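Take a look at the structure set out below.
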Amino acid sequence: MKVFRLLKKAVVLSLIRLGWFIKPGLVTRLYVWFLRSEGAQIEDRPNYLSAKIWFDGTDYSLIRLGKGCTISSNVRILTHDWAIHTVAKELGLKFDKPQGRIKPISIGRHAFIGTGSIIMPGADIGAGCIVGAGAVVRGAIPPLSIVVGNPGQVVGSVAEYVERATRGAGVGPVEQAALKQAALAHAAALAGARAG
């Protein structure tokens, strides 16, 4: 059974790498099939999964992807950290079994993960978040937040971003007012979370 799983992984991941040249939508479908077959929790179907994502294979069941999410190229999604096992030796510690931590990751509905980002073990990215290119994300990120940097920091609201980006682009006053209201609600929620 283990040989079959390794062979399946080698074949499917090779097809994913080649599929990008033929049809990017095929890559998303293949990734969804493969990840689900290995135990990942995928709500409906992602919008787009790049052929150049590195999903941690420690335990695929620790990966949860929300409906309509987008994950760009060169993103690393980690569910393990074995640094303790290595650095403890410098402290003179020796463990009977390797020490590390294994934690799930979650990427919410319609979240966008920018190129080159690293999603660390235990990251919980809320629905509708934007993770900027190259960000290193850990911990809980509130829904509709914009996160950038290393370490990843919330720097804004998706509602504000969309409101600014669509100003003058044919978006009606009702939609603009709704976006402004959503931006204010998001800012209040973030302020409350920081205070509490």
Side-chain angles (χ1 to χ4, degrees), residues 13 16-21 24-28 30-32 34-35 40-43 45-60 62-87 100-166 179 182-183 186-187 189-191 193-194:
L13 293 181
I16 286 169
R17 301 297 185 261
L18 293 173
W20 180 79
F21 294 107
L26 175 65
V27 169
T28 298
L30 277 171
Y31 250 142
V32 167
F34 173 73
L35 293 169
Q41 304 157 54
I42 302 175
E43 177 189 354
R45 185 170 149 196
N47 178 56
Y48 173 73
L49 299 178
S50 169
K52 298 177 182 177
I53 302 169
W54 188 84
F55 288 99
D56 187 342
T58 300
D59 182 350
Y60 288 104
L62 297 172
I63 297 170
R64 191 189 81 67
L65 303 179
K67 174 183 179 178
C69 68
T70 292
I71 305 177
S72 304
S73 297
N74 302 313
V75 171
R76 295 182 75 81
I77 297 177
L78 301 171
T79 58
H80 79 281
D81 175 3
W82 293 106
I84 295 167
H85 179 68
T86 301
V87 300
R101 61 188 191 119
I102 298 174
K103 291 186 173 186
I105 68 94
S106 178
I107 297 174
R109 290 183 323 276
H110 304 110
F112 180 91
I113 312 300
T115 189
S117 298
I118 301 173
I119 311 303
M120 299 296 289
D124 184 2
I125 299 168
C129 284
I130 295 174
V131 174
V136 178
V137 181
R138 62 185 189 90
I141 306 300
L144 298 171
S145 296
I146 298 173
V147 179
V148 299
N150 178 4
Q153 301 288 317
V154 174
V155 296
S157 159
V158 167
E160 287 174 355
Y161 172 73
V162 172
E163 190 266 329
R164 281 193 313 267
T166 58
L179 285 167
H186 184 259
L190 284 177
R194 288 183 185 126

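Quantities reported herein were computed from a predicted structural model and do not represent experimental measurements.
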### Message
Just to verify, what does Phe112 make a ring-ring contact (aromatic ring centres under 6.0 Å, His included) with, not counting sequence neighbours?
### Response
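With sequence neighbours excluded, Phe112 shows a ring-ring contact (aromatic ring centres under 6.0 Å, His included) to no residue whatsoever.
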More than 12 heavy atoms of other groups within 6.0 Å of Tyr161 OH | no
| Taking only residues two or more places apart in sequence or in another chain, which ones pass side chain to side chain donor-acceptor pair (under 3.5 Å) with Ser106? |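 Ser106 satisfies side chain to side chain donor-acceptor pair (under 3.5 Å) with Arg64 once adjacent residues are dropped.
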By side chain to side chain donor-acceptor pair (under 3.5 Å), Thr28 pairs with (sequence neighbours left out) none
Side chains of Leu62 and Ile105, heavy atoms from C-beta outward: is any pair under 4.5 Å? no
How long is the span from the [atom1] atom in [X] to the [atom2] atom in [Y], to the nearest 0.5 Å?
X: Leu49; Y: Cys69; atom1: CG; atom2: SG; answer: 6.0 Å
X: Ile63; Y: Asp56; atom1: CD1; atom2: CG; answer: 6.5 Å
X: Ile119; Y: Ile113; atom1: CD1; atom2: CD1; answer: 4.5 Å

Check whether any side-chain N or O of [X] sits under 3.5 Å from a backbone N or O of [Y] as a donor-acceptor pair, and report yes or no.
X: Thr70; Y: Asn47; answer: no
X: Ser50; Y: Lys52; answer: yes
X: Thr79; Y: Pro104; answer: no
X: Tyr31; Y: Pro46; answer: no

Return a table of donor-acceptor pairs under 3.5 angstrom between the side chains of residues 120-142 and protein atoms on other chains or two or more places apart.
none

Contacts satisfying salt bridge (Lys or Arg N to Asp or Glu O under 4.0 Å) that involve residues 70-82 (not counting sequence neighbours) are Asp81-Arg101
Thr86 meets the side chain to side chain contact (heavy atoms under 4.5 Å, CB included) criterion, sequence neighbours left out, with none
Only one of Ile77, Val27, Asn74 passes side-chain contact (heavy atoms from CB on, under 4.5 Å) with Ile53; say which it is.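 In the set Ile77, Val27, Asn74, the residue that makes a side-chain contact (heavy atoms from CB on, under 4.5 Å) with Ile53 is Ile77.
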